[in-house]
Amino acid sequence: MPDSVTGRPVLLGVLRLKELSILLVTIAAAGYFTATSDAFNSAENYQTIAQYVAPWAIIAAGQVMLLICGEIDLSAGFVFTLAPFTLTLFSVNGAPLWLALLGSVLLSTLIGVVNGLIRTVLNIPSFITTLGMAFLLQGLVLIISDARPVSAPSGNWLVEVFGGAAWSEFAWAVVIVALMQVVLSATRFGIHTQAAGGNPVGAAESGIPVNRVKIVNFAIISTLAGLAGILQGTRVGSYDPTNGGFTMMFFAVASAVIGGTALLGGSGTVVGAFLGALLLGIVFDGFNLTGVSANAFNVVLGAAILLAMVLNVSLLLLRKRLGSRELS
């Protein structure tokens, strides 16, 4: 049997790895900055990269699920901003820290449920729904905080777990990414999510509760965004009303898209989004170390998104072509 025939299944198996392209690019970026900066490979710098990556990856883990089912959440960055201030509000009014933390996360979940209900019951596009919610939450943050930062809690074991310890925020990111990848690829809910985005009419006709799936995914991303906001603010030591917002949300979306998630729904990978966030963190950190202007980062970010889209489409076509040849 010709080598080209025997090697085709192996090649097809490699190409089916959705994270392959972004993994190779991430390794190449790390190798480049290792060669150009002596400070890149140090424990302190690894921690700096982890601090960049963690919130993007946590929010992206939820955004991937929502994008796969054909929706998007533009308000996640403002849930990220609001959650720490609701925690503070509960705490100031006498709630113990654990209860304030729980209440803040549950309120974040409720915001996602409201987004999902508006989208599915009133049939308002998620872009419009969550854009309106984003501005509403931004106003609430400014009212609650009086447009001023506040100190984060301290001196409690919960503080160490939820962002206070050096690597706790990144550890949360890794656990959440792993958990959400399992949910996406190995559970009925994950299959329903992919079906809801890939073929919503067919999914509904086969008995999948498409609207319920979307509402749950709206709730997931808001919950994760609120948790990420608490983790980062606690790590920094203060809650800032100017933190998060559209910038945080777009970095999460960029991580998802660079990692192979289709904006039109139907396919994506949480691990890919994590690698996308890692790539952005490495590039951002590497630019700082090598003295490249931060303004150039947006150029790289835009080029990376465009290149990722082109590469993902090209790999998809190649997979289909090799697959059809294999069947024939």
Item to check | Trace of the side chain to side chain contact (heavy atoms under 4.5 Å, CB included) decision for Trp172 with Val161 | outcome: CA-CA 9 Å; Trp172 274 98; Val161 173; 4.2 Å; yes
Next on the checklist: Please determine whether side chain to side chain contact (heavy atoms under 4.5 Å, CB included) holds for the pair Met133 and Thr129, giving the CA-CA distance in whole Å, both sets of side-chain angles, and the decisive distance to 0.1 Å.
Outcome noted: CA-CA 6 Å; Met133 181 63 76; Thr129 297; 5.7 Å; no
Next on the checklist: Show, in sequence, the C-alpha distance, side-chain angles and deciding distance for Phe85 and Leu89, and conclude whether the side chain to side chain contact (heavy atoms under 4.5 Å, CB included) test is met.
Outcome noted: CA-CA 6 Å; Phe85 286 100; Leu89 192 62; over 6 Å; no
Checklist entry - Can you list the steps and then say if Thr81 with Gln138 is a side chain to side chain donor-acceptor pair (under 3.5 Å)? => result CA-CA 8 Å; Thr81 310; Gln138 184 182 38; over 6 Å; no
Item to check | Verdict with reasoning, Ile220 to Phe189, per side chain to side chain contact (heavy atoms under 4.5 Å, CB included) | outcome: CA-CA 12 Å; Ile220 287 173; Phe189 179 76; 4.1 Å; yes
Next on the checklist: What verdict does the side chain to side chain donor-acceptor pair (under 3.5 Å) test give for Tyr239 and Thr234, after you've listed the backbone C-alpha separation in whole Å, the side-chain angles of each residue and the deciding distance to 0.1 Å?
Outcome noted: CA-CA 7 Å; Tyr239 302 146; Thr234 303; 3.2 Å; yes
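Going from atom CZ of Phe162 over to atom CD1 of Ile230 covers 8.0 Å, rounded to the nearest 0.5 Å.
For Thr86 against Ser104, the heavy-atom pair with the smallest separation is OG1-OG, 2.8 Å. Smallest separation of non-hydrogen atoms from Pro200 and Gly198: CD-C, 4.0 Å. A pairwise comparison of heavy atoms in Ser108 and Gly226 identifies OG-CA, 3.5 Å as the closest pair. When every heavy atom of Thr26 is checked against every heavy atom of Ile282, the shortest pair comes out as CG2-CD1, 3.8 Å. Listed here is the closest heavy atom pair of Val79 and Leu137: CG2-CD1, 3.6 Å. For the residue pair Val210 and Ala196, the shortest heavy atom distance occurs at CG1-CB, 4.0 Å.
If you check the side chains of Gln194 and Ser267, you find no donor sitting under 3.5 Å from an acceptor. A donor and an acceptor atom, one from each side chain of Ser222 and Thr109, are nowhere located under 3.5 Å apart.
With Phe246 as reference, Phe135 is the one residue of Phe135, Phe80, Phe251 to meet the ring pair (Phe, Tyr, Trp, His ring centres under 6.0 Å) rule.
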Taking distance alone, no hydrogens or angles, what donor-acceptor pairs closer than 3.5 Å link side-chain atoms of residues 53-76 to residues at least two apart or in another chain?
| unit_1 | atom_1 | unit_2 | atom_2 | d |
| --- | --- | --- | --- | --- |
| Gln63 | OE1 | Asp73 | N | 3.1 |
| Gln63 | NE2 | Asp73 | O | 3.2 |
| Glu71 | OE1 | Arg119 | NE | 2.9 |
| Glu71 | OE1 | Ser126 | OG | 2.8 |
| Glu71 | OE2 | Arg119 | NE | 3.1 |
| Glu71 | OE2 | Arg119 | NH2 | 3.3 |
| Glu71 | OE2 | Lys214 | NZ | 2.8 |
| Asp73 | OD1 | Ser75 | N | 2.8 |
| Asp73 | OD1 | Ser75 | OG | 2.6 |
| Asp73 | OD1 | Ala76 | N | 3.4 |
| Ser75 | OG | Asn115 | ND2 | 3.2 |

Could you pull out all donor-acceptor pairs under 3.5 Å where a side-chain atom in residues 141-159 meets a protein atom, sequence neighbours excluded?
| unit_1 | atom_1 | unit_2 | atom_2 | d |
| --- | --- | --- | --- | --- |
| Ser145 | OG | Val141 | O | 2.7 |
| Ser145 | OG | Ala147 | N | 3.1 |
| Asn156 | OD1 | Leu158 | N | 2.7 |

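Although no hydrogens or angles enter the test, the distance criterion places a donor-acceptor pair under 3.5 Å between the side chain of Ser168 and the main chain of Gly163. The closest donor-acceptor contact from the side chain of Ser37 to the backbone of Thr34 lies at 3.5 Å or more, if one exists at all.
Separation of the Tyr52 and Phe170 ring centroids does not fall under the 6.0 Å cut-off.
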